[in-house]
Structures are given as structure tokens and as C-alpha cells.
Engineer: 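Pasting in a structure now, in C-alpha cells, and then I'll have a few things to ask.
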Amino acid sequence: MTGFVLGSASPARLQVLRSAGLDPVVRISDVDEDAIAAALPADTPPAGVVTALAEAKARTVAAALSADAAAADRNPAAPDLQGVLAAPASRLIDDCVVVGCDSMLLVDGVLQGKPHTPEVARARWAEMAGRSADLLTGHCVLRLRDGAIVADARDCSTTTVHFAEPEPAELDAYIATGEPLQVAGAFTLDGMGGWFVDRIDGDPSSVIGIGLPLLRRLLGEVGVGIAQLWVGAQLRADAVG
């Protein structure tokens, strides 16, 4: 049974996968995104930046899984830092896929990540209100067998987002919720920010953070079909139940 590991703390990505019939194991990569982006060559295209970040997250999680498995071999009863028994973690890397993603909004040729502060979020909305921008989501899929990476695939999806113009009071209230501070581009499609998106051209799941059409293709490139992941998710659910 092939396991599925999501290398992301994003609840939106997790919900997309759960709604699509999967039951991912979540491992947070905790990489320094700014440092990784700064180390890339200056001429790296925007799609290359988000894809490199996605790959860094996936490889960090894959390395952590291998370390967990090694610890499990030494002490099968010890819980790991994720709150999951180490022995199942050891079995997981017998055969699993690790998926990393990173999203950024491309506005006037400049990539924008999470604003983090109300001031930056307000400045971002001043730039993009009433305009269109491209949401880029990098994806990386690693296939692990016996703790080693045996196949990998990566690509970027691009979806054009057409923004409305929030009234000043609406924008104040939205920023006050805190939602736009921790999401790429200072907006969500599946949350309160959806009120201010007129339409999109492309894949909605990619805007939420993980593109199902692209992910399905990348999984196929590493030899994993959606049907077998559905079966694996059902088996896990039955075991828990």
C-alpha cells in the first residue's frame, strides 16, 4: 500500500486532498523559504522559484521520514515528534509519496508571498484590486521506497485571478480578520477572500494551494495512480474505525 505524505502545514491543502478522497499523513517541512529563494540564481524565472521551494519542502520531509524510520528501528515503541508511533512511520517509508507545494502571486512581474503584517497586506491589495494577477503553485512529488528517493517529478501550475475592488470598510474588516496575513498574495479563494475574487482562469484547486490535475500527472510520472491512493486511504480509515 502506497502512503501519501503532505509536506505542508496548510489546512487548505489538507482539506483539498481530503475532499478528493485521500487521507494524507502531514509532516511540516519548516524550511527557510526566504533563504532558499535568495540562494537561487538571479535569473531564475518565477515558476522556477516556487518549484524550487516546493522541492526543498518535499526533500526536507523525505529526509525527516528516513530519520524517523531509523529511530523506529532502534526503539519501535517511542513516539516521534509528530505524535505518531514511530513503528508505523518506519513502515510508511517502505513505499510512499511525499508532496511539497509552494504558492506565490505574480503581480507586475514580482512574486509576492505571505504579507505577514496588516500594512503589507493593505499595500498588496492597493496593487491588485480591480486587476488580474497570476497565482503560481510549485509542486514536487518524491517516491520513497525503503527510505530512498527512487523517482521524482516537479512542475508549476499558473492560474489567472481577477480581483474585485473591495470597499475601504470591507478591506479594513478583511485585514482585521488576520486571514490575508498568512496566505500567498494576501487572499484566499476558499475563505473570506473569495468575496473579492471576480473569477479565475485555470484550476481552482491550484489557487487554494495544491492543483489536483497537475498533482495527478506528477503522481503518474512516479508510478502512482489515484485509484491506488483511494484504496490506501480507505484501508487506513477502516483500520482506524
Side-chain angles (χ1 to χ4, degrees), residues 6-17 19 26 28-40 42 44-54 56-57 60 100-140 156-211 214:
L6 174 63
S8 173
S10 166
R13 290 187 180 119
L14 179 59
Q15 186 55 52
V16 167
L17 293 171
S19 297
V26 174
I28 300 171
S29 62
D30 199 25
V31 301
D32 187 336
E33 298 178 22
D34 291 339
I36 293 169
L40 294 172
T44 303
V49 173
V50 294
T51 304
L53 289 169
K57 294 176 183 180
T60 299
C101 297
D102 188 81
S103 298
M104 299 182 83
L105 190 69
L106 185 65
V107 181
D108 294 332
V110 178
L111 283 173
Q112 298 180 349
K114 302 170 184 176
H116 297 299
T117 69
E119 294 75 19
V120 174
R122 191 177 303 280
R124 299 271 177 88
W125 271 97
E127 291 182 60
M128 64 195 196
R131 301 179 61 201
S132 301
D134 289 335
L135 196 287
L136 277 58
T137 299
H139 299 64
C140 178
C156 175
S157 62
T158 301
T159 300
T160 301
V161 183
H162 302 271
F163 294 101
E165 295 188 66
E167 296 294 333
E170 293 175 327
L171 185 57
D172 289 344
Y174 181 46
I175 292 174
T177 68
E179 181 187 88
L181 307 188
Q182 299 302 323
V183 290
F187 81 101
T188 63
L189 183 63
D190 57 329
M192 287 178 281
W195 292 101
F196 310 124
V197 176
D198 281 341
R199 70 184 191 279
I200 65 169
D201 297 325
D203 170 28
S205 61
S206 180
V207 179
I208 296 172
I210 185 164
L214 176 55

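Reckoned from all heavy atoms, side chains included, excluding hydrogens, waters and symmetry mates.
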Engineer: Could you grab the distance from atom CZ of R124 to atom CG of L181, nearest 0.5 Å is fine?
Structural biologist: 10.5 Å

Engineer: For the backbone of Y174 and the side chain of T177, can you confirm whether one donor and one acceptor N or O come within less than 3.5 Å of each other?
Structural biologist: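 Confirmed, T177 side chain pairs with Y174 backbone.
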
Engineer: At what distance, to the nearest 0.5 angstrom, does SG of C140 lie from NZ of K57?
Structural biologist: 11.5 Å

Engineer: Taking the side chain as C-beta and beyond, is there a heavy-atom pair between M104 and L53 under 4.5 Å?
Structural biologist: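 A side-chain contact exists here, since the closest heavy-atom pair is under 4.5 Å.
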
Engineer: I need the minimum non-hydrogen distance between P118 and I175, along with the two atoms involved.
Structural biologist: CB-CG2, 3.7 Å

Engineer: Which atom names give the shortest non-hydrogen contact between L136 and A47, and what distance separates them?
Structural biologist: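 L136 and A47 have their closest heavy atoms at CD2-N, 3.6 Å.
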
Engineer: Which distance, rounded to the nearest 0.5 Å, do you find between the CD of Q182 and the NE2 of H116?
Structural biologist: 6.0 Å

Engineer: Side chain of T188, backbone of G193: donor and acceptor closer than 3.5 Å?
Structural biologist: yes

Engineer: Where do V31 and A56 come nearest, in terms of heavy atoms and distance?
Structural biologist: CG1-O, 4.0 Å

Engineer: Quick check: does any side chain N or O of E179 sit under 3.5 Å from a backbone N or O of G191, one acting as donor and the other as acceptor?
Structural biologist: no

Engineer: Could you give the side-chain donor-acceptor pairs of residues 159-167 under 3.5 Å, partners two or more places apart or in another chain?
Structural biologist:
unit_1 : atom_1 : unit_2 : atom_2 : d
T159   : OG1    : D203   : N      : 3.3
T159   : OG1    : D203   : O      : 3.4
T160   : OG1    : D134   : OD1    : 2.8
H162   : ND1    : S132   : OG     : 2.6
H162   : NE2    : D201   : OD2    : 2.7

Engineer: Name the one of I208, L105, L189 that satisfies side chain to side chain contact (heavy atoms under 4.5 Å, CB included) with L135?
Structural biologist: L105

Engineer: Please give me the minimum heavy-atom distance between S157 and L214, naming the atom from each residue.
Structural biologist: N-CD2, 3.7 Å

Engineer: Work out which heavy atom in A121 is nearest to a heavy atom in P115; give both atom names and the distance.
Structural biologist: N-CB, 3.7 Å

Engineer: Could you measure the distance from the OG atom of S103 to the NE2 atom of H139? Nearest 0.5 Å is fine.
Structural biologist: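 If we round to the nearest 0.5 Å, S103:OG and H139:NE2 are 7.0 Å apart.
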
Engineer: How far apart are the C-alpha atoms of W195 and E170, what are their side-chain angles, what is the distance that settles it, and do they pass the side chain to side chain contact (heavy atoms under 4.5 Å, CB included) test?
Structural biologist: CA-CA 10 Å; W195 292 101; E170 293 175 327; over 6 Å; no

Engineer: What pairs with D34 under side chain to side chain donor-acceptor pair (under 3.5 Å), at least two apart in sequence or on another chain?
Structural biologist: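 Listed in chain order: nothing, the list is empty.
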
Engineer: Rounded to the nearest 0.5 Å, how far apart are CG of D30 and OG1 of T60?
Structural biologist: 9.0 Å

Engineer: What is the distance from atom CG of D198 to atom CZ of R131, rounded to the nearest 0.5 Å?
Structural biologist: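 Result: 14.5 Å between the selected atoms.
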
Engineer: Are any non-hydrogen side-chain atoms of F196 and F187 less than 4.5 angstrom apart?
Structural biologist: no

Engineer: Measure across R13 and C101 and return the closest heavy-atom pair with its distance rounded to 0.1 Å.
Structural biologist: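 Taking R13 first and C101 second, the nearest heavy atoms are NE-CB, 3.5 Å.
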
